[in-house]
Engineer: 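Below are the structure tokens for one structure; questions will follow.
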Amino acid sequence: MRSQGDSAARHRPLDREVRPRAWRCSGRQEGSERGSGTVLAAGLALVVMTTMAVMLLLAQSAVLASRAAGAADLAALAAADALRGITSGEPCAVAADVAARHAATVLSCIEGAGQTVEVRTELGERPLFGPATGHARAGPPP
């Protein structure tokens with residue numbers, strides 16, 4: 001029968017003197033890399049969040065530019081109809097009214113040759129990357 005002392009000696013953990021010499025002389029201390037995974041994960045999370053924020057700002061700018069272009073299109077069509085006499089009202093006043101319904105302001109409204117109207121609009125909301133503007137020209141069908 002074995003004594004308890006023999007069993008404890010066989011199952012005791014390796015201490016520093018028993019480990020291979022190459023490992024002891026490498027200059028690293030035990031635990032010198034503890035927590036490095038946490039720092040790496042935090043850095044990666046910061047990069048991902050920054051990238052997502054930039055992507056959201058770019059998406060917001062694209063949506064606002066599309067809304068400004070849509071407001072300009074509708075305002076130009078309404079102004080062209082008023083210029084041709086299809087609807088009542090002054091063409092540029094009609095364009096300003098239609099643009100206002102779409103949260104935009106008319107920057108310029110020019111009546112051109114051949115009963116065409118050119119309208120430039122800007123949205124009231126100002127994103128981080130500058131104002132969202134739209135440009136459209138409308139007239140009678142060819």
Side-chain angles (χ1 to χ4, degrees), residues 2 4-142:
R2 295 183 198 170
Q4 286 181 344
D6 290 340
S7 154
R10 235 183 289 160
H11 294 293
R12 73 183 158 107
L14 296 175
D15 47 338
R16 193 173 199 119
E17 273 56 52
V18 179
R19 291 193 177 124
R21 182 175 177 87
W23 191 85
R24 281 186 284 149
C25 296
S26 67
R28 290 191 317 202
Q29 296 177 353
E30 266 189 68
S32 66
E33 293 185 10
R34 289 183 61 95
S36 64
T38 303
V39 173
L40 181 65
L44 184 62
L46 183 64
V47 167
V48 168
M49 289 189 316
T50 302
T51 303
M52 290 299 296
V54 169
M55 288 176 57
L56 287 174
L57 287 173
L58 290 173
Q60 178 193 24
S61 294
V63 167
L64 291 177
S66 177
R67 285 181 48 202
D73 288 340
L74 293 173
L77 288 170
D81 284 347
L83 183 63
R84 290 178 53 210
I86 296 174
T87 59
S88 62
E90 181 65 33
C92 290
V94 171
D97 183 47
V98 170
R101 290 182 198 170
H102 293 91
T105 57
V106 173
L107 296 177
S108 68
C109 177
I110 302 168
E111 296 177 20
Q115 295 182 330
T116 61
V117 177
E118 189 173 337
V119 176
R120 292 186 187 273
T121 60
E122 179 180 83
L123 284 185
E125 302 174 34
R126 291 196 177 257
L128 194 63
F129 294 120
T133 59
H135 173 250
R137 182 174 41 206

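Please read these numbers as outputs of a predicted model, since none were measured by experiment. Side-chain atoms are counted along with the backbone in the values below, which use heavy atoms only and exclude waters and symmetry mates.
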Engineer: Taking all heavy atoms of Ala79 and all of Ala95, pick out the closest pair and write down the distance.
Structural biologist: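 Looking at all heavy atoms of both residues, the closest pair is CB-CB, 3.8 Å.
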Engineer: State, to 0.1 Å, how close Ala76 and Val119 come at their nearest heavy-atom pair, and which atoms those are.
Structural biologist: CA-CG2, 3.8 Å
Engineer: Arg84: which residues meet the side-chain hydrogen bond (donor to acceptor under 3.5 Å, both in side chains) condition with it, sequence neighbours left out?
Structural biologist: none
Engineer: Strictly by salt bridge (Lys or Arg N to Asp or Glu O under 4.0 Å), give each pair with a member in residues 43-53 just once, sequence neighbours left out.
Structural biologist: none
Engineer: Suppose we screen for side-chain hydrogen bond (donor to acceptor under 3.5 Å, both in side chains). Which residues come up paired with Arg67, at least two apart in sequence or across chains?
Structural biologist: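 Applying side-chain hydrogen bond (donor to acceptor under 3.5 Å, both in side chains) to Arg67 gives Glu125.
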Engineer: Mind listing the closest non-hydrogen atom pair of Val98 and Ala78 along with its distance?
Structural biologist: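 Minimum heavy-atom separation between Val98 and Ala78: CG2-CB, 3.6 Å.
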Engineer: Can you give me the closest heavy-atom contact between Pro91 and Ala82, atom names plus distance?
Structural biologist: CA-CB, 3.9 Å
Engineer: Which residue pairs satisfy the side-chain hydrogen bond (donor to acceptor under 3.5 Å, both in side chains) criterion with at least one member in residues 108-120, sequence neighbours excluded?
Structural biologist: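 Applying side-chain hydrogen bond (donor to acceptor under 3.5 Å, both in side chains) to every pair that reaches into residues 108-120, excluding sequence neighbours, yields Glu118-His135.
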Engineer: Do you know the tightest heavy-atom contact between Leu123 and His102?
Structural biologist: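 Shortest heavy-atom separation between Leu123 and His102 comes out as CD2-O, 3.8 Å.
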Engineer: For Ala72, enumerate each residue passing the side-chain contact (heavy atoms from CB on, under 4.5 Å) test, keeping only those at least two apart in sequence or located in another chain.
Structural biologist: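 Partners of Ala72 by the side-chain contact (heavy atoms from CB on, under 4.5 Å) criterion, ordered by chain and then number, come out as Thr121, Ala136.
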Engineer: Rounded to the nearest 0.5 Å, how far apart are CE of Met52 and CE of Met55?
Structural biologist: 5.5 Å
Engineer: Nearest 0.5 Å, what's the CG-OG1 distance between Leu40 and Thr38?
Structural biologist: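 Reported value, rounded in 0.5 Å steps: 9.5 Å.
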Engineer: Using modelled atom types and a 3.5 Å cut-off, is there a donor and acceptor pairing between side-chain atoms of Ser66 and backbone atoms of Ala62?
Structural biologist: no
Engineer: Please give me the minimum heavy-atom distance between Val106 and Ala96, naming the atom from each residue.
Structural biologist: CG2-CA, 3.5 Å
Engineer: Measure the CG-OG distance between Asp81 and Ser88 for me, rounded to the nearest 0.5 Å.
Structural biologist: 11.0 Å
Engineer: Scan for salt bridge (Lys or Arg N to Asp or Glu O under 4.0 Å) pairs involving residues 94-107, sequence neighbours excluded, and state none if there are none.
Structural biologist: Asp97-Arg101
